[in-house]
S.K.: 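Provided herewith is a single structure, encoded as structure tokens, for subsequent inquiry.
All chains are named by letter (A, B, ...) in the order of the sequence lines, taking the proteins before the strands, and each is independently numbered beginning at 1.
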Amino acid sequence: MLNYDVKTVEKKWQDKWEESGVFHAKQDFSLPKYYCLVEFPYPSGQGLHVGHPRSNTALDIVARKKRLQGYNVLYPMGWDAFGLPTENYAIKNHIHPEKVTKENIARFKQQLKSLGFSFDWSREVNTTDPDYYKWTQWIFLQLFNKGLAYKKEMSVNWCTSCKCVRANEEVVSGVCERCGSEVVHKVKSQWMLKITQYAQRLIDDLDELDYIERVKIQQKNWIGCSKGAEVDFTSTAGEIITVYTTRPDTLFGATYMVVSPEHPYIEKWADRLTNIDEIREYQQAASRKSDFERTEVNKDKTGVEIKGVSAINPVNGMKIPIFISDYVLVSYGTGAIMAVPGHDTRDWEFAKKFNLPIIEVVSGGDIEKEAFTDCDTGVMVNSGFLSGLSVEEAKVEILKWLIEKGKGHEKVNYKLRDWVFSRQRYWGEPIPIVICDKCGFVPLPETELPLVLPQVESYEPTDNGESPLAQITQWVNTTCPHCGAPAKRETDIMPQWAGSSWYFLRYCDPHNENALASKEALEYWTPVDWYNGGMEHTTLHLLYSRFWHKFLYDIGVVPTGEPYLKRTSHGMILGANGEKMSKSRGNVINPDDIVKDYGADTMRLYEMFIGDFEKAAPWNSSSIKGCRRFLDRVWALQDMVGEGSGYSPKLENEFHRTIKKVTEDIDNLKSNTAIAAMMSLLNKIYEVGTVTLGELNTLTILLNPFAPHMTEELWEVMGFGGTVTDQSWPEYDDGKCREDTIEIVAQINGKVRSRLNVSADIETGEAIALAKADEKIASALKGKRIIKELYVKGKLVNIVVKPQ
RNA sequence: GCGGGUAUGGCGGAAUUGGCAGACGCGCCAGAUUUAGGAUCUGGUGGUAACUCCGUGCAGGUUCAAGUCCUGUUACCCGCACCA
């Protein structure tokens, strides 16, 4: 047996794969296709993380198996290369981000290649390539033309450290998702994308998709659909104040009203208000608070009564006071609520604090102690024509009444906000818009795309909130494409999520100069059959790209309404101490070291064997050895080849069972048990002591998706002819997965007392008779009364007894 | 607070519809081989002195039979967080 030199052998096959282009997806659209996708990485300066191979290997196994099963597989890779870390690194070291990106990509690529992934490198994409972002800009123009991209003066999340706007999805508990610094509110004119217009479809269409449940739930919660009603109150000043409520049934219990501090009526009423100074003070205090502070004061409600104007409840004409309080958000609903302290916890707290009346309108709780919010059990009381009804009935009746009187209507609201799409930085796609004094926002003609990012002296963001691009006057100053007058370019850039919102489409036809991809290519390859990626992208990349895809579908660019048929998510790989891997914790594992010490095959195998793919798992350096040992034992089989060509009688069933198990487990993302099954099979072969050529042939193909280098080398050494990639995936025969005789368990009162070898198709009566004839069972039955006898096919006999 | 998830040996983890708990791997123990170490091979390995005993976070329940189903409860993890 030749010594297995990991380094040379792995390099040898990686080079061969690259030369032969064996993993390039074929342009033959008549073949059955399979599109496997993993999230393309951000090429950071840190290099590959052990988390990347977990996702990449899992789908590499799927891709390699699908190819062996005869599919035309597309398994591409590329670079999501715009972004802040590169830009910050460039600022610090005075290197152009383009250069940094290039270097980082080179390193990432070399690392990915060293792991033997079967990516189609001929389709590599890079979001920072003008040939690529030309189409990102093109999509933006389509959004603009359809009115889905608009510029608006509004309060946005401003990261004090990045000096840049952040989307709602990028703010995590009041701080910047990227750098952890404080996020404050700032009023700025921003480009926005109308993702809210797609809110309902983004929820509804999830039902048809094969996404893991927690992804669906998280997206639904984020979009946050709620069904209720808008109700018109009248103010004593004459205006109509519309409130949004999910409980119109409790309208009779509304004892006051609360509007958000930013509500426009306050200014309107300013002259009439006797305590305007107090109100102004409260407004100012609220505006100074960051999101973080607002959530911190969550517990204690504050507010000020508006003296001089009150509201009139439309259902009973009752005059009720109006308050301003920051627990009512200007951005949700109408910015005003009717307060029903008897049946809403927040209103109850507020009413207690300000000593406001609490009226019970749904019986069943004790509203002296707490708000009664249950909708299922209560009965309406003190509610005029609603009294006596259930909550559900009351909701129907009050809506009828509101519509009849013209005082309100049904209304659906979403928590989802429009997507803040501008960033005041350098390293991103320029927004292809010209601002003309006469014509307003004018889209750049498509023929002028790509609008290339200009060279600048300094990438440093400015404190006044302007993009570094604003300083390049020769770029900024242009002429209006519409009227020809002098005009200025938009200087904000797109967020990092722009390029990744459609990259999977470009892979279908990456070099197309006339379209983001050809109709035929999109028709054939999309939708993506299986997409794996991190949970952290559920409300960011995944939601954004579904939105863009739906838009592209609506304008006839793509053939399907959803981009991904199936979405799975890998668990994090933790440090050996069970904590998240991080430089500061000193528990980072570098994939390069593992490849160097054990080889890519072992690395791949270990990451698949580590545990349930969807769960987090701690790294265990000594466990890796077991995977290497397994591969060495398979390699050593070449010296154990004995007589015969097919499966030996002793191992035939075992082989059929293992093929079945591995085949099914790969499709179910259960590589851990697939590997365990192959280890078991190998142990059985070692028990037998010899292996036939046929057995070795099958095992080599079966193991190939997991350990592609070693299996190719073994295939060559054995002289099987060709390469494993030319072979077909092994078949199994269901009938041969079963043994003729099986061992069943004989129980008394559910406790195992004996074991029997019986024919697999034994009948109930016969099985029970055999069990009773068993020595141990017979003696245990002595002096007992038999109550019940059961036989579970292929599993066990259970005899239930009682003392005589 | 709301939504989702997890809990099984010394460790990572297995266990279609309820049907032999602990597959597979690590670690550990013993033996073989080796000058030694390492590597490799063989056997053993939930607890218990032992059992026909006990054992899947905890307390109950359903069942011939429960890691799996039901009720309650604890701890931890993730997401959202004044969304009316």
S.K.: So which protein N/O to nucleotides 19-24 of chain B N/O distances come out below 3.5 Å?
M.R.:
{"from": "B/C20", "atom 1": "O2", "to": "A/R755", "atom 2": "NH1", "distance (Å)": "2.4"}
{"from": "B/C20", "atom 1": "O2", "to": "A/R755", "atom 2": "NH2", "distance (Å)": "2.8"}
{"from": "B/C20", "atom 1": "N3", "to": "A/R755", "atom 2": "NH1", "distance (Å)": "3.3"}

S.K.: Tell me whether the centres of the aromatic rings in A/W348 and A/F372 are closer together than 6.0 Å.
M.R.: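 Here the rings of A/F372 and A/W348 have centres that are no less than 6.0 Å from each other.
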S.K.: I want to check something: taking the side chain as every heavy atom from C-beta on, are A/R54 and A/M608 in contact at a cut-off of under 4.5 Å?
M.R.: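 Sidechains of A/M608 and A/R54: in contact.
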S.K.: Could you work out, with salt bridge (charged side-chain N to carboxylate O under 4.0 Å, His left out) as the rule, every residue matching A/D344, not counting sequence neighbours?
M.R.: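 Residues passing salt bridge (charged side-chain N to carboxylate O under 4.0 Å, His left out) with A/D344: A/R346.
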S.K.: What is the nucleic acid contact for A/R633, judged by heavy atoms within less than 4.0 Å: base, sugar-phosphate only, or nothing?
M.R.: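 Sugar-phosphate, backbone atoms only, no base.
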S.K.: So what does A/A336 touch, heavy atoms closer than 4.0 Å: a base, only the sugar-phosphate, or nothing?
M.R.: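 No contact.
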S.K.: Between protein and nucleic acid, restricted to nucleotides 2-4 of chain B and to nitrogen or oxygen atoms under 3.5 Å apart, what atom pairs and distances do you find?
M.R.:
{"from": "B/G3", "atom 1": "O2'", "to": "A/N221", "atom 2": "ND2", "distance (Å)": "3.3"}

S.K.: So what stems show up for RNA chain B if we need 3 or more Watson-Crick or G-U pairs in a row, all under 3.5 Å?
M.R.: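 Result, WC/G-U stems under 3.5 Å: B:1-7 with B:74-80, B:10-12 with B:24-26, B:27-32 with B:40-45, B:57-61 with B:69-73.
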S.K.: Kindly write out the residues that satisfy salt bridge (charged side-chain N to carboxylate O under 4.0 Å, His left out) with A/E230, not counting sequence neighbours, or none if the list is empty.
M.R.: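 For A/E230, no residue satisfies salt bridge (charged side-chain N to carboxylate O under 4.0 Å, His left out) once neighbours in sequence are set aside.
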S.K.: Residues from residues 621-628 of chain A sitting under 4.0 Å of RNA chain B, heavy atoms only?
M.R.: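 Under 4.0 Å from RNA chain B: A/S622, A/S623, A/K625, A/G626.
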S.K.: Sorted by first residue and then second, give each side-chain hydrogen bond (donor to acceptor under 3.5 Å, both in side chains) pair with at least one member in residues 246-255 of chain A; sequence neighbours left out.
M.R.: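 Those involving residues 246-255 of chain A are A/R247-A/D249.
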S.K.: Who pairs with A/F354 by ring-ring contact (aromatic ring centres under 6.0 Å, His included), at least two apart in sequence or on another chain?
M.R.: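 Here the qualifying residues are A/F323, A/F350.
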S.K.: Could you give the distance separating B/U52 and B/G43 at their P atoms, to the nearest angstrom?
M.R.: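 My reading of the P atoms in B/G43 and B/U52 gives 25 Å.
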S.K.: Categorize A/K751 for me: base, sugar-phosphate, or nothing, with a 4.0 angstrom heavy-atom threshold over every strand shown.
M.R.: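 Sugar-phosphate only.
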S.K.: On a whole-Å scale, what distance lies between the P atoms belonging to B/G72 and B/G3?
M.R.: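 One P to the other, the span is 14 Å.
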S.K.: Enter the distance from A/L605:CG to A/M678:CE here, rounded to the nearest 0.5 Å.
M.R.: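 Going from CG on A/L605 over to CE on A/M678, the span is 7.0 Å.
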S.K.: Between the base of B/C82 and the side chain of A/K301, is there a donor-acceptor distance below 3.5 Å?
M.R.: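 Yes, a donor-acceptor pair under 3.5 Å.
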S.K.: Using the side chain to side chain contact (heavy atoms under 4.5 Å, CB included) criterion, which residues pair with A/K615? Sequence neighbours excluded.
M.R.: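 By the side chain to side chain contact (heavy atoms under 4.5 Å, CB included) rule, A/K615 matches A/D612.
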S.K.: Can you name the residues that form a salt bridge (charged side-chain N to carboxylate O under 4.0 Å, His left out) with A/D374, not counting sequence neighbours?
M.R.: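 Testing A/D374 for salt bridge (charged side-chain N to carboxylate O under 4.0 Å, His left out), a comparison that skips the adjacent residues, returns none.
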S.K.: Using atom P in both nucleotides, what's the gap between B/C20 and B/U68 to the nearest angstrom?
M.R.: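 B/C20 and B/U68 have their P atoms separated by 13 Å.
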S.K.: Please list, chain by chain and in numerical order, all residues satisfying side chain to side chain donor-acceptor pair (under 3.5 Å) with A/D774, sequence neighbours excluded.
M.R.: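 Partners of A/D774 by the side chain to side chain donor-acceptor pair (under 3.5 Å) criterion, ordered by chain and then number, come out as A/S754.
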S.K.: Since syn is defined as within 90° of 0, does B/G61 count as syn or as anti?
M.R.: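 With its glycosidic angle more than 90° from zero, B/G61 counts as anti.
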S.K.: By the 4.0 Å heavy-atom rule, please label A/D347 as base, sugar-phosphate, or nothing.
M.R.: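 No contact.
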S.K.: P atom, B/A7 versus B/G13: distance in rounded Å?
M.R.: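 Taking atom P in both B/A7 and B/G13, they lie 10 Å apart.
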S.K.: For B/G55 versus B/G38, give the span between their C1' atoms, rounded off to a whole number of Å.
M.R.: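 Nearest-Å result for B/G55 against B/G38 at atom C1': 38 Å.
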S.K.: Are any of A/Y327's side-chain N or O atoms less than 4.0 Å away from OP1 or OP2 of B/A84?
M.R.: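 Result: no.
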S.K.: Using the P atoms only, state how far B/A23 lies from B/G12, rounded to an integer number of Å.
M.R.: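 The answer is 15 Å between these two P atoms.
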S.K.: With sequence neighbours excluded, tell me which residues meet ring-ring contact (aromatic ring centres under 6.0 Å, His included) with A/Y732.
M.R.: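 None.
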